[in-house]
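Contents: one structure, followed by commentary.
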Amino acid sequence: PGTKLTELALVEAFGVGRRVIGTALQRLTWEKLVVFFPKRGAFVAAPDADEARQVFAARVAIEAGTIEAVARAADPQAIAKLQENLDQECRLREQGHVREAIHLSGGFHVLVAELSGNRVLAEQVRLLVARTSLIVNLFENQIGLTGWHDHHDDLISHCAAGRVEEAVALMRDHIMELQQALVLDRRRPVAFDMNGVFSR
């Protein structure tokens, strides 16, 4: 968060033209993941505490609805997809691939939204999960990123059994716990080597 995105460096890192990079930065700006300042350029978004709270509030409101739809349907194929996601995440954690596991953990929420059958909500959840990643990286975190997968197993069980109210309540609690684990009045410096990461 807050990292300056130099167009020339991105062109060199990805081996594409400036037009492609410009289009990508415009899309990321629309998604609220990049902010553009006149005469200063593009920067990775760095949400403040108020925006962080709003992101979590939006997730609670939206994801209560997406998990409700999945639990109400109790579709075995949907449940199997959620279980596959969780199993893969657990394997990655056991193998020490923490970052990849965290990506799948956030993807669990996107998958729930996709399985709800509402494409508009699914797109919103995808954007909110991405913004949550920035927030978690930006603020002090009392539990690290390990808690992202907590409750996913129980959410799957509630959905499989059609326990709608329990699934909705747990999803709300789960997202609120993620917020409460952050120390929103304590921003931490984030050191990021853009060229080193993108040129891998």
Side-chain angles (χ1 to χ4, degrees), residues 1 24 27-28 30-34 44-45 47 51-52 54-139 141 143-160 167-182 190 192 197-198 200:
R27 173 63 185 265
L28 291 168
W30 178 82
E31 293 185 354
K32 308 297 185 184
L33 299 176
V34 166
V44 177
E51 183 178 344
Q54 291 180 33
V55 166
F56 280 106
R59 288 192 61 178
V60 168
I62 293 173
E63 294 188 59
T66 58
I67 198 71
E68 178 182 357
V70 174
R72 197 172 296 283
D75 176 29
Q77 290 186 334
I79 304 305
K81 289 180 180 178
L82 291 172
Q83 189 63 55
E84 180 183 356
N85 175 281
L86 181 59
D87 291 345
Q88 187 177 355
E89 178 193 343
C90 290
R91 285 194 296 271
L92 287 170
R93 288 183 186 277
E94 291 171 358
Q95 295 167 1
H97 302 302
V98 179
R99 286 287 170 184
E100 293 85 348
I102 291 168
H103 179 72
L104 272 182
S105 190
F108 178 90
H109 291 260
V110 178
L111 182 57
V112 168
E114 291 172 347
L115 294 171
S116 74
N118 189 316
R119 288 180 293 179
V120 175
L121 291 183
E123 176 66 8
Q124 293 305 310
V125 171
R126 184 185 69 79
L127 296 175
L128 289 168
V129 166
R131 293 170 73 179
T132 300
S133 296
L134 289 177
I135 292 165
V136 169
N137 275 282
L138 189 58
F139 291 96
N141 191 344
I143 61 171
L145 294 175
T146 56
W148 276 46
H149 69 297
D150 290 352
H151 304 138
H152 288 182
D153 196 20
D154 290 335
L155 284 168
I156 293 173
S157 296
H158 288 324
C159 289
V168 170
L170 182 57
M171 179 62 88
R172 286 179 174 145
D173 289 345
H174 173 53
I175 295 171
M176 290 308 300
E177 280 187 20
L178 293 177
Q179 177 185 335
Q180 290 163 4
L182 300 175
V190 179
F192 180 64
V197 171
F198 288 144
R200 288 176 185 174

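The shortest non-hydrogen separation linking L155 to A167 is CD2-O, 3.6 Å. In plain terms, the two heavy atoms of V125 and H109 that are nearest each other are CG1-O, 3.6 Å. Of all the heavy atoms in I79 and A160, the pair that sits closest is CD1-N, 3.7 Å. In this structure, A64 and V168 approach most closely via the heavy-atom pair O-CG2, 3.6 Å. The minimum heavy-atom distance linking A45 with K32 is given by the pair CB-O, 3.4 Å.
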Practice task
Please report the C-alpha distance between V70 and L82 in whole Å, then the side-chain angles of each, then the deciding distance to 0.1 Å, and finally whether the side-chain contact (heavy atoms from CB on, under 4.5 Å) criterion is met.
Solution key: CA-CA 10 Å; V70 174; L82 291 172; 4.2 Å; yes
Handout entry: Check against side-chain contact (heavy atoms from CB on, under 4.5 Å), T132 and L178
Key = CA-CA 10 Å; T132 300; L178 293 177; 5.6 Å; no
Practice task
Please report the C-alpha distance between H103 and H97 in whole Å, then the side-chain angles of each, then the deciding distance to 0.1 Å, and finally whether the side-chain hydrogen bond (donor to acceptor under 3.5 Å, both in side chains) criterion is met.
Solution key: CA-CA 10 Å; H103 179 72; H97 302 302; over 6 Å; no
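Side-chain atoms of N118 and T66, non-hydrogen and from C-beta on, never get closer than 4.5 Å to each other. Side-chain contact between V112 and E63 is absent, with no heavy atoms from C-beta onward closer than 4.5 Å. A heavy-atom distance below 4.5 Å is found between the side chains of R59 and V129. When side chains are defined from C-beta on, R126 does not count as touching E114, because their heavy atoms never get closer than 4.5 Å. Considering only heavy atoms from C-beta on, V55 stays 4.5 Å or farther from P47 through its side chain. Between V44 and L33 the shortest side-chain heavy-atom distance does not fall below 4.5 Å.
Note on ring orientation: taking the six-membered ring where Trp is involved, the planes of H152 and F108 are parallel (angle under 30°, cut-offs 30° and 60°). The aromatic rings of H174 and H151 sit perpendicular, their planes meeting at an angle over 60°, well past the 30° parallel limit.
In this structure, F56 CZ and Q180 CD are separated by 10.0 Å, a value rounded to the nearest 0.5 Å. We find the CD-CD distance between E84 and Q88 to be 6.5 Å, quoted to the nearest 0.5 Å. Note: D87 CG to D153 CG = 8.5 Å, rounded to the nearest 0.5 Å. With values rounded to the nearest 0.5 angstrom, M171 atom CE is found 12.0 Å from I62 atom CD1. Atom OG in S105 sits 8.0 Å away from atom CG in N85 (nearest 0.5 Å).
Within the 3.5 Å criterion, the main-chain N or O of A113 finds a donor-acceptor partner in the side chain of S116.
With respect to R72 and E68, a salt bridge is recorded, a charged nitrogen being found less than 4.0 Å from a carboxylate O. Using a 4.0 Å cut-off between a side-chain N of Lys or Arg and a carboxylate O of Asp or Glu, R131 and E31 do not qualify as a salt bridge.
Heavy-atom contacts from other residues, nucleotides or ligands closer than 6.0 Å to CD of Q95 number more than 12. Annotation for E123: atom CD counts as buried by contact number, over 12 foreign heavy atoms lying within 6.0 Å.
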